[in-house]
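In what follows, a structure is listed as C-alpha cells, so that the remarks can point back to it.
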Amino acid sequence: MTTAYDRIRELKTFDETKSGVKGLVDAGITKIPQFFIQPQEQGELVSLPVEIPVIELTGANSDAALRGQLVEKVKNASQNFGFFQVVNHGIPLEVLDEMLEGVKLFNEEQVEVKKKYYTRDSSKKVVYNSNFDLYRAPAANWRDTLLITMAPEPPIPEELPAVCRDITFKYTEYIKRLGIILFELLSEALGLKPSYLTEIECNKGLNVLMHYYPPCPEPHLTVGTTKHSDPDFLTVLLQDSIGGLQVLYQNHWIDVPPVHGALVINVSDLLQLISNDKLKSVEHRVLANSIGPRVSVACFFTTPSNTSCNSLYVPIKELITEDNPPLYKETTAKDFTLYYDGKGLDGRSALDYFRL
Ligand code: OGA
Ligand code: NI
C-alpha cells in the first residue's frame, strides 16, 4: 500500500525533475510510477463504428444556399456529436505540419533548455509542465504540455522557445481567422446574427496547449488525457497521425481518426452553457500508446480570464422561452476556469456545478 504521504512525495519528486513524462521515458523506465495508474472506468461499452462528421469549409463565404447547407452541417454535428472535423479550412498543410514539428522539437530539446519554461505559475503566458492538475487529479496523465496564451495579448516573441516561436505566431494567426468563421457559423446555427458570438467575446482570448504524449511502457494502466470536456467556448485541435483521441457518443467511445490536413473542432463547456444545452460539450479522452510520441495542439477560444474581462455569461436570452427556461446560473469565464482548474480532471463535468 502506498500511503498518501508517499504519493505526495512521489509527485513532488517527479515535478521537481522539471523534465516531465518525457524525462521518465528517457531514463528508460519499464514500469510506470504508481501515481499514473488510472482507476478502472466502469460501465462504458466498447468502441462503436460511428464516424465523426468531416465537413468541407468551402462555401462559407459563397452564396446563401451553400452557406445555409454548411450551417446545417455544423449545427447537426454540434448537436449530435459535439465534435466534427473540418477540411478545406484555408490553413496550408505545411503550416500544420510545421506546427506539429515545432512541438516535437521543443519537447525533444535538452532538459536544461526546457527547464527554464517549467512552472506552475498560471499568471505566466508561457507555461511548460506535466499535468496542470498533478497534485489534484486522482491519477496523473502520460502527457507533458506547453501552454501559451496567444490572445488578446501574446507574449513578446523572445518569451517563446526558439524552436517553435515563428510557427506558433504564424499558426495562431490562421487559427484566429478560422475562429471567426466558425463562430459565425455557430451563431447562425443558433439562429442568431453571424457576429453574435464574436461580439460577446467568445473568441477574444486564445490559449494554445501543445501536448506531447511520449510512448508508454504500460499503456493499459494509464491514459494520455483523462475523460473530460473542455472549459472554453470552442476548441480547434490539430493532431498528428498516431491516433488515440476518443469521444463519448451515446455512452460508447468512438475514435476521432487522424485525417491529414484536417482540424478537429469541438463545442466546449461555456458554449454549452450560453446555448442552454442546444450545443453539446462532449467528453473525450486520449489513450496512452506504446508507440509515439504523439503530438497535438489544442487551441482554446475563450474570454481572457484577467481582471479587465468580467463579462457575465448566462444562457443567451434570445434562446430562452417559457418552455425552455435557463438551465445555468451566470458566471464569468474567469470563475468558470478557476473552478475547472481547481477541480482538475477527475472524470466529472464542471458544468454541473453551474447548473440551476
Ligand atoms: C485537450 C484535449 C486532445 C488531444 O487539450 O483538451 O482534449 O488529442 N486534447 O491532445
Ligand atoms: Ni479536451
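Reckoned from all heavy atoms, side chains included, excluding hydrogens, waters and symmetry mates. Counting starts at 1 for both ligands and their atoms, in listed order.
- Classification of K193 and E188 as a salt-bridged pair fails, no side-chain N sitting under 4.0 Å from a carboxylate O.
- A salt bridge is absent between D352 and R348; no separation between the charged side-chain nitrogens and carboxylate oxygens falls under 4.0 Å.
- Using a 4.0 Å cut-off between charged nitrogen and carboxylate oxygen, K125 and E159 do not count as a salt-bridge pair.
- Contacts between R294 and ligand 1 below 4.0 angstrom, taking non-hydrogen atoms only, involve the side chain exclusively.
- Listed by number with element, the atoms of ligand 1 under 4.0 Å from a non-hydrogen atom of F300 are 6 (O).
- Using a 4.0 Å cut-off between charged side-chain N and carboxylate O, E173 and K176 make a salt bridge.
- Residue-ligand proximity, A298 to ligand 1, at heavy-atom distances under 4.0 Å covers atoms 5 (O).
- When only non-hydrogen protein atoms are considered, atom 2 (C) of ligand 1 lies nearest to H228 NE2, 3.8 Å.
- The proximity of T235 to ligand 1, defined as any non-hydrogen pair under 4.0 Å, does not occur for either the backbone or the side chain.
- For the Ni ion (ligand 2), the nearby protein N/O/S atoms, meaning those under 2.8 Å, are H228 NE2, D230 OD1, H284 NE2.
- Counting the atoms of ligand 1 from 1 in the order shown, those under 4.0 Å from a heavy atom of D230 are 6 (O).
- Of the protein's non-hydrogen atoms, the one nearest atom 5 (O) of ligand 1 is H211 NE2, 2.7 Å.
- Comment: D346 does not engage R136 in a salt bridge, judged by the lack of any side-chain N to carboxylate O separation of less than 4.0 angstrom.
- Inclusion of Q239 in the set of residues having an N or O under 3.5 Å from an N or O of ligand 1 is not warranted.
- For F301 and F233, the distance between ring centers is not under 6.0 angstrom.
- Which parts of ligand 1 touch V286 is read off a 4.0 Å heavy-atom cut-off, strictly below it: atoms 3 (C), 4 (C), 8 (O).
- Atoms of ligand 1 found under 4.0 Å from any heavy atom of H284, numbered from 1 in the order shown, are 7 (O).
- In this structure, the side chain of S275 engages the main chain of Q272 through a donor-acceptor pair within 3.5 Å.
- Side-chain atoms of Q239 come within 3.5 Å of backbone atoms of V256 as a donor-acceptor pair (strictly under, hydrogens ignored).
- Using a cut-off of 4.0 Å between Lys/Arg side-chain N and Asp/Glu carboxylate O, D6 and R9 are scored as salt-bridged.
- A donor-acceptor pair under 3.5 Å links the side-chain atoms of R143 to the main chain of G224, judged by distance alone.
- Annotation: cation-pi pair R7/F35 absent, no NZ/CZ under 6.0 Å from the ring centroid and within 45° of its normal.
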